[in-house]
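The block underneath contains the structure these notes are about, expressed in structure tokens.
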Amino acid sequence: MRIGVLALQGAFIEHIRQLGGLGHAATEVRLPRDLQRLDGLIIPGGESTAIGKLMEGYGLMDPVREFAGQHAVWGTCAGMIVMAREIGREQPLLGLMDIAVERNAFGRQIDSFEEPLTVEVLKDGAARPFPGIFIRAPRLVHARGQARVIARLADGTAVAAVEGRWLATSFHPELSTDLRFHEYFVEIARG
Ligand code: GLN
């Protein structure tokens, strides 16, 4: 599978490494033409305002929206923010998924934390928790329409959603050694 990783800012190298671990040579996406012939696109974690502004600067907003009309797209952390339709403030967004997201939702003392997550859509998901790594993470406020929540913290906070071939996670599967989320995304991209 040909998966691209948006490589303007943030943790794109780590996604490329995970995909490599699954046997897929991933490519870096910086310009609209880099989307040609891809089967899926990952928007990494980083800083969502910077990513959105750079996407505008490189003329990527409309080409990525068009790409997303036919293909799988996954946003992690800042990438989830960019995927969302509502974030309660002004900044450039793709606005693809029918989700509302709150940035930096976990307060100062616990800016970063780890929590095992039950994610039933993953292989062995019910039996084997996925290591959720949260870094100044957003949370899902709601998922509407076709979007549905696929992971929650123990306190009920929603932290991942899927909508057709679009995926969003508050946390960073690219920073763990568990490849199941990338495997799940490649399956979505395969269609
Ligand atoms: N706090 C960042 C933002 O709001 C996201 C952090 C991350 O991607 N790890 O854009």
Side-chain angles (χ1 to χ4, degrees), residues 3-19 26 28-30 40-58 60-61 64-65 68 72-117 119 129-143 147 149-153 155 157-163 166-182 184-185:
I3 307 293
V5 183
L6 189 70
L8 301 176
Q9 193 264 338
F12 55 89
I13 303 280
E14 290 81 354
H15 275 292
I16 291 170
R17 196 194 51 220
Q18 297 291 74
L19 291 160
E28 296 181 6
V29 171
R30 292 196 177 80
L41 176 70
I42 297 176
I43 304 173
E47 213 288 315
S48 59
T49 312
I51 292 174
K53 284 185 179 162
L54 288 164
M55 287 181 79
E56 281 189 336
Y58 286 88
L60 275 163
M61 282 295 186
V64 171
R65 287 190 189 108
V73 183
W74 174 19
T76 57
C77 202
M80 168 162 111
I81 296 164
V82 173
M83 290 292 278
R85 217 169 271 176
E86 266 181 73
I87 65 161
R89 51 181 280 172
E90 279 301 308
Q91 69 182 67
L93 301 174
L94 285 167
L96 291 168
M97 291 180 72
D98 204 350
I99 55 175
V101 165
E102 181 192 355
R103 284 181 67 178
N104 303 323
F106 295 98
R108 245 167 209 268
Q109 305 89 313
I110 50 165
D111 275 345
S112 303
F113 61 98
E114 275 192 57
E115 185 172 319
L117 304 168
V119 191
F130 188 87
I133 299 174
F134 295 82
I135 303 170
R136 285 182 63 75
R139 72 176 175 101
L140 274 165
V141 179
H142 65 239
V149 173
I150 56 168
R152 291 182 187 277
L153 297 175
D155 71 2
T157 306
V159 291
V162 67
E163 178 176 350
W166 302 333
L167 181 62
T169 54
S170 295
F171 47 95
H172 290 268
E174 77 281 14
L175 299 182
S176 80
T177 54
D178 194 323
L179 298 177
R180 286 177 296 160
F181 243 103
H182 288 78
Y184 174 58
F185 179 67

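Just follow the structure's listing: the first ligand is 1, and inside any ligand the first atom is 1. Below, each value reflects all heavy atoms present in this structure, side chains not excepted, and no hydrogens, waters or symmetry copies. Values in this document were obtained by computation on a predicted structure and should not be read as measured data.
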Minimal non-hydrogen separation, I81 against L93, with atom names: O-CD2, 3.3 Å

Polar contact flag, side-chain donor to acceptor under 3.5 angstrom, D178-S176: no

Whether R30 side chain and L8 backbone form a donor-acceptor pair below 3.5 Å: no

Parallel, tilted or perpendicular, as decided by the 30° and 60° cut-offs, for the rings of F134 and F171: tilted

E102: partners by side chain to side chain donor-acceptor pair (under 3.5 Å), with sequence neighbours left out: R139

Lys/Arg N to Asp/Glu carboxylate O, R103 vs E47, below 4.0 Å: yes

Amino acids contacting ligand 1, non-hydrogen cut-off under 4.0 Å: G45, G46, E47, S48, C77, A78, I81, R103, N104, I135, R136, H172

